[in-house]
Amino acid sequence: SAAVSLETVTKTYMVGEPVHALDGVDLEIPRGSYVAVMGPSGSGKSTLMNVIGCLDTPTKGTVYLDGEEVTTMSDRERTRIRGEEVGFVFQTFNLMPRLTAVENVALPLVFRGIPVGERRERATELLERVGLGDRLDHVPNELSGGQRQRVAIARALVNDPALILADEPTGNLDTETGENIMSLFEELHAEGNTVVMVTHERPVAEHAERVVHLLDGRIERIEELDAVGAEV
Ligand code: ADP
Ligand code: ADP
């Protein structure tokens, strides 16, 4: 089965007039693929990511993660799936300001009842992997934007999720730092993870294999890219 499958997914917000943030979206994301999502502001990119990541439920339609229908699950089950299968990376990092890098990365393990020694070991391993082995006990304020995003990526990976969702992961970073983050995503993809990322930046999207273009809550087109990012 596909990593993600959406069948005629609609998400409607009622703000006086109904707004269709997503409007009958059909999308299949094969396991192990690398997908970028692009589109103008308000086209539904964040809503799409939130629906895929079980942060939000659609108004209509069906969502499957790894063949499992999530749209009929209880909130509790959806929370479990999200914790076990999905790693989120946000533009704004969303780190806890008073916690150190290691504590931030280990936080998802606290909720799973993993003992402290094991948590620290796993978090340290991941921070070393993203090149922050020498910043374990720094708080976010003591880290650069790129370092904070790497902490956030390490945290997203701590439960070993098969699906990595990133909403503008390089949005707050300079070009060079952004490129480093992209290399990290490429490694994750090469290891067999499924990666879906929203970006406004064409050069960032060109790291992916496919670009899904959204417009007014619909898929306008899907572009297949070759290895150097040119349209096939
Ligand atoms: P994008 O990420 O592409 O900017 P969004 O998914 O954030 O687009 O939003 C798509 C549409 O849905 C926009 O018109 C936006 O105003 C609307 N929308 C998103 N979230 C909400 C919400 N919580 N309440 C009302 N409208 C919303
Ligand atoms: P935008 O794409 O409009 O710039 P953000 O990137 O700040 O907005 O957030 C994207 C979406 O992810 C928003 O709908 C927001 O509600 C949601 N989001 C951001 N941070 C978190 C979080 N820590 N937990 C759950 N949802 C979040």
Side-chain angles (χ1 to χ4, degrees), residues 2-29 33-65 70-71 73-75 78-79 81-82 85-95 145 148-149 152-153 155-156 161 163-175 178 181-182 185 194-225 229 231:
V4 179
S5 177
L6 306 189
E7 288 176 2
T8 55
V9 166
T10 293
K11 177 71 183 181
T12 306
Y13 290 105
M14 294 301 291
V15 274
E17 293 285 285
V19 171
H20 301 300
L22 295 176
D23 191 1
V25 169
D26 286 302
L27 179 63
E28 189 134 310
I29 299 176
S33 59
Y34 190 174
V35 175
V37 178
M38 299 191 82
S41 183
S43 59
K45 304 182 296 297
S46 290
T47 305
L48 178 69
M49 298 298 271
N50 290 348
V51 164
I52 292 174
C54 300
L55 288 170
D56 220 339
T57 50
T59 313
K60 273 194 243 165
T62 316
V63 179
Y64 302 88
L65 288 189
V70 293
T71 24
M73 285 181 184
S74 65
D75 285 350
R78 247 196 311 278
T79 304
I81 292 277
R82 182 166 74 225
E85 296 188 15
V86 187
F88 278 100
V89 179
F90 298 100
Q91 176 178 13
T92 50
F93 319 141
N94 291 325
L95 300 175
R148 286 180 212 178
Q149 190 58 298
I153 291 170
R155 182 189 50 191
L163 175 62
I164 293 149
L165 300 179
D167 199 343
E168 294 273 357
T170 61
N172 284 323
L173 304 176
D174 62 58
T175 307
I181 297 296
M182 283 305 106
F185 278 55
T194 310
V195 180
V196 185
M197 78 178 161
V198 168
T199 182
H200 282 109
E201 298 165 76
R202 180 74 198 180
V204 170
E206 284 174 357
H207 288 270
E209 298 168 321
R210 297 158 79 198
V211 187
V212 173
H213 293 271
L214 286 182
L215 187 64
D216 295 334
R218 294 164 187 254
I219 294 178
E220 186 192 28
R221 68 191 175 104
I222 295 181
E223 188 187 351
E224 305 289 339
L225 300 177
E231 193 168 352

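For ligands, and for the atoms within them, numbers begin at 1 and follow the listed sequence. Values below: every heavy atom of this structure, side chains too, minus hydrogens, waters and symmetry copies.
Of the listed residues (Gly217, Ala21, Pro18), the one carrying the non-hydrogen atom nearest atom 12 (O) of ligand 1 is Ala21. Distances from atom 13 (C) of ligand 1 to the heavy atoms of Gly42, Ser46, Ser43, Pro40 put Gly42 nearest.
For Glu201, the side-chain contact (heavy atoms from CB on, under 4.5 Å) partners are Thr170, Thr199, Pro203, Val204, not counting sequence neighbours.
For ligand 1, the atoms lying closer than 4.0 Å to a non-hydrogen atom of Gly44 are 1 (P), 3 (O), 5 (P), 6 (O), 8 (O), 10 (C).
In this structure, Val63 and Val51 have side chains that are in contact, with non-hydrogen atoms separated by less than 4.5 Å.
Contact analysis leaves Gly39 out of contact with ligand 1, as no non-hydrogen atom separation drops below 4.0 angstrom.
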Show every donor-acceptor pair shorter than 3.5 Å between a side-chain atom in residues 16-25 and any protein atom, with sequence neighbours excluded, or say none if there are none.
residue, atom, partner, partner atom, Å
His20, ND1, Thr12, OG1, 3.0
Asp23, OD2, Arg218, NE, 3.4
Asp23, OD2, Arg218, NH2, 3.1

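Without hydrogens or angle criteria, Gln149 side chain to Phe90 main chain gives a donor-acceptor distance under 3.5 Å.
Annotation: the span from Ser46 atom OG to Glu168 atom CD amounts to 8.0 Å, rounded to 0.5 Å.
With a 4.0 Å heavy-atom cut-off, ligand 1 is reached by the backbone of Thr47 and by its side chain too.
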